[in-house]
Colleague: 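One structure, as structure tokens, below. Some questions next.
The model shown is predicted, which means the values in this text are computed figures rather than measured ones.
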Amino acid sequence: MADNKEYIFGTRAVLESIHAGKEIDKLLVQKGLFNDLTKELMKEAKAHHIPVSQVPLEKLNRITRKNHQGAIAFIAAVNYASLDNVINEVYQKGKEPFFLILDRVTDVRNFGAIARTAECSGVDAIIIPSKGSAAINNDAMKTSAGALNYIPVCREDNLKTTIKFLQESGIQIVACTEKTDSYIYNIDFKQPVAILLGSEENGISPEYLKMCDFRGKIPMTGNIASLNVSVSAAIAIYEAVRQKGAESL
């Protein structure tokens, strides 16, 4: 269970936290609760692009036995960045954008490890979906060795729209996937690029895979035909670093 520093409970308390500008990672609301205050909370959550899950009362009670009033909000350990602003800032610095897109990477430790590699290697931002992604909490911060304090994280409602936006901004999308005959070493990473990685269970969503400009796989010669997603991310990222030249990052 999360400790008391990671969540806020009580409908009014959560509402006030949203109004005060606190970054909410996700909101749990009791299923079947439709009073006026809850409706107001749901409306505010939607307006602020906060992921909402309607859950049974028992789940809320397992998190806290205090008077949660059917609402618990988990606080994000970071302030989410605007992707539009990040792209503009990178181009204004005269750099080639270098992003990472994570499609449904839900393990907090994997996410933290990826963030650590990304920050060390000069990745400009990590892009995640608002739903179906690892919680960016204290565990993620710890696993990242503090890297999440320095690298922007952009939380997007729709990755399909986001991929299109990146492409329209001159950024090629490279899928790190086994569903191709080409290796990542054959891809030109010297251009503005966003590397897309999927979940360990299902890989990259088919609809996103179709949209990618290039696909590349990591060579496998062992008996186990898969790598941990954080390891795959590191290999792909540092192939880009090798091609770009460390001095250009």
Side-chain angles (χ1 to χ4, degrees), residues 76-130 133-136 140-156 159 162-163 165-167 169-177 184-185 187-200 204 208 211-218 227-249:
V78 300
N79 290 321
Y80 293 109
S82 161
L83 179 58
D84 193 23
N85 290 344
V86 172
I87 292 173
N88 289 334
E89 288 172 6
V90 173
Y91 276 127
Q92 285 173 7
K93 291 177 182 176
K95 292 183 60 182
E96 301 282 10
F98 185 17
F99 297 136
L100 201 60
I101 307 172
L102 304 181
D103 173 26
R104 298 167 300 151
V105 173
T106 57
D107 187 279
V108 171
R109 288 166 295 184
N110 277 339
F111 181 83
I114 291 169
R116 184 174 184 175
T117 300
E119 201 283 326
C120 289
S121 59
V123 170
D124 294 303
I126 298 172
I127 301 166
I128 61 173
S130 58
S133 186
I136 304 183
M141 183 66 73
K142 182 178 179 181
T143 310
S144 78
L148 285 166
N149 286 313
Y150 302 102
I151 187 167
V153 178
C154 305
R155 184 171 67 178
E156 300 297 312
L159 279 189
T162 301
I163 289 171
F165 175 65
L166 289 168
Q167 290 170 325
S169 301
I171 300 167
Q172 64 181 12
I173 310 298
V174 175
C176 184
T177 175
I184 58 168
Y185 309 117
I187 295 171
D188 181 6
F189 284 100
K190 298 185 183 71
Q191 305 302 316
V193 65
I195 299 173
L196 172 62
L197 294 112
S199 69
E200 290 192 52
I204 298 169
Y208 306 149
M211 298 176 68
C212 292
D213 300 291
F214 302 98
R215 301 182 191 184
K217 66 181 179 180
I218 298 169
L227 292 171
N228 178 280
V229 66
S230 66
V231 175
S232 296
I235 292 170
I237 288 170
Y238 273 98
E239 172 57 19
V241 169
R242 184 190 70 80
Q243 290 189 27
K244 290 173 178 292
E247 69 279 356
S248 67
L249 297 174

Colleague: Quick one: CD1 on Ile187 to NZ on Lys217, what's the gap to the nearest 0.5 Å?
Modeller: 12.0 Å
Colleague: Given side chains that start at C-beta, do those of Glu200 and Asn110 come closer than 4.5 Å, heavy atoms only?
Modeller: yes
Colleague: Who are the side chain to side chain contact (heavy atoms under 4.5 Å, CB included) partners of Ala234, not counting sequence neighbours?
Modeller: Thr117
Colleague: So, do Gln167 and Ile173 sit near enough that their side-chain heavy atoms are less than 4.5 Å apart?
Modeller: yes
Colleague: How far does CG of Leu197 sit from OG1 of Thr177, to the nearest 0.5 angstrom?
Modeller: 9.5 Å
Colleague: Would you mind reporting whether Leu166 and Ile127 have side-chain heavy atoms less than 4.5 Å apart?
Modeller: yes
Colleague: In chain order, what residues pass the side chain to side chain contact (heavy atoms under 4.5 Å, CB included) check against Ser144, with sequence neighbours excluded?
Modeller: Ala115, Met141, Ala147, Leu148
Colleague: Which heavy atom of Ser169 sits nearest a heavy atom of Ile87, and at what distance?
Modeller: OG-CD1, 4.1 Å
Colleague: Do any pairs count as a side chain to side chain donor-acceptor pair (under 3.5 Å) and have a residue in residues 80-91, sequence neighbours left out, and if so which ones?
Modeller: Asp25-Tyr80
Colleague: Identify the heavy atoms of Ile114 and Ala233 that sit nearest to each other, and give their distance.
Modeller: CG1-CB, 4.0 Å
Colleague: If you compare all heavy atoms of Ala236 against all heavy atoms of Ile195, which two are closest, and at what distance to 0.1 Å?
Modeller: O-CD1, 3.7 Å
Colleague: Just to verify, what does Gln172 make a side chain to side chain contact (heavy atoms under 4.5 Å, CB included) with, not counting sequence neighbours?
Modeller: Val174, Gln191, Val193, Asp213, Phe214
Colleague: Is any side-chain heavy atom of Ile218 closer than 4.5 Å to a side-chain heavy atom of Cys176?
Modeller: yes
Colleague: How about Ile237 and Phe98: do any of their side-chain heavy atoms sit closer than 4.5 Å?
Modeller: yes
Colleague: If every non-hydrogen atom of Leu100 is compared with every non-hydrogen atom of Ala118, which pair is closest and at what distance?
Modeller: CD2-CB, 4.3 Å
Colleague: At what distance, to the nearest 0.5 angstrom, does OH of Tyr208 lie from CG of Leu196?
Modeller: 9.0 Å
Colleague: If you compare all heavy atoms of Gly198 against all heavy atoms of Val105, which two are closest, and at what distance to 0.1 Å?
Modeller: O-CG2, 4.0 Å
Colleague: May I have all residue pairs that pass salt bridge (charged side-chain N to carboxylate O under 4.0 Å, His left out) and include part of residues 109-130, sequence neighbours excluded?
Modeller: Lys95-Asp124, Asp107-Arg109
Colleague: Looking at every non-hydrogen atom in both residues, tell me the closest pair between Val86 and Ala125 and how far apart they are.
Modeller: CG1-CB, 3.9 Å
Colleague: Any side-chain heavy-atom pair from Leu227 and Ile235 closer than 4.5 angstrom?
Modeller: yes
Colleague: When rounded to the nearest 0.5 angstrom, what distance separates CD1 in Ile171 from CD1 in Ile163?
Modeller: 12.0 Å
Colleague: What pairs of residues pass the side chain to side chain donor-acceptor pair (under 3.5 Å) test when at least one of them lies in residues 230-239, not counting sequence neighbours?
Modeller: Asn228-Ser230, Glu239-Arg242, Glu239-Gln243
Colleague: So does Tyr185 have more than 12 non-hydrogen atoms from other groups sitting under 6.0 Å from OH?
Modeller: yes
Colleague: Between OG of Ser133 and CD of Glu156, what distance do you get to the nearest 0.5 Å?
Modeller: 11.5 Å
Colleague: Please tell me if the side chains of Phe111 and Ile128 come closer than 4.5 Å, counting only heavy atoms from C-beta onward.
Modeller: yes
